[in-house]
K.L.:
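Could you have a look at this structure, given as structure tokens, before my questions?
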Amino acid sequence: MPGKRAGNAWGATSTLGRGELNSVGKAFLAGRAEAGKTHPVSSPFHRGVRFAAGFLHLLTAVMWFGTILYVHLLLKPAYASRGLPRGS
């Protein structure tokens, strides 16, 4: 029916994302606004743990990438095709 807009389950009254919200949508939006008022925990301890985790993550990434470059550019795949070197 042209001219009549049916609201969906989230309260939108238009399929294009425009228009007024119905009561369900307004209640949801009010609940989201209340949930966003909490402050994130950011103590020096948490920042230190986050820094240490990020540092270890980046260190591991650099070592992994370096290993790949070392094996493919310096050792060459033909070296690896012979298998592991035998001990004496």
K.L.:
Which other residues end up in the same hydrophobic cluster as L69, if Ile, Leu, Val, Met, Phe, Trp and Tyr are linked when side-chain heavy atoms come under 4.5 Å apart?
P.N.:
F65, L73

K.L.:
Which hydrophobic side chains are connected to L56, either touching it within the sub-4.5 Å cutoff or through other members that do?
P.N.:
none

K.L.:
Would you please name every residue forming a side-chain contact (heavy atoms from CB on, under 4.5 Å) with F51, sequence neighbours left out?
P.N.:
none

K.L.:
Looking at every heavy atom in both S42 and R50, which two are closest together, and how far apart are they?
P.N.:
OG-NH2, 4.4 Å

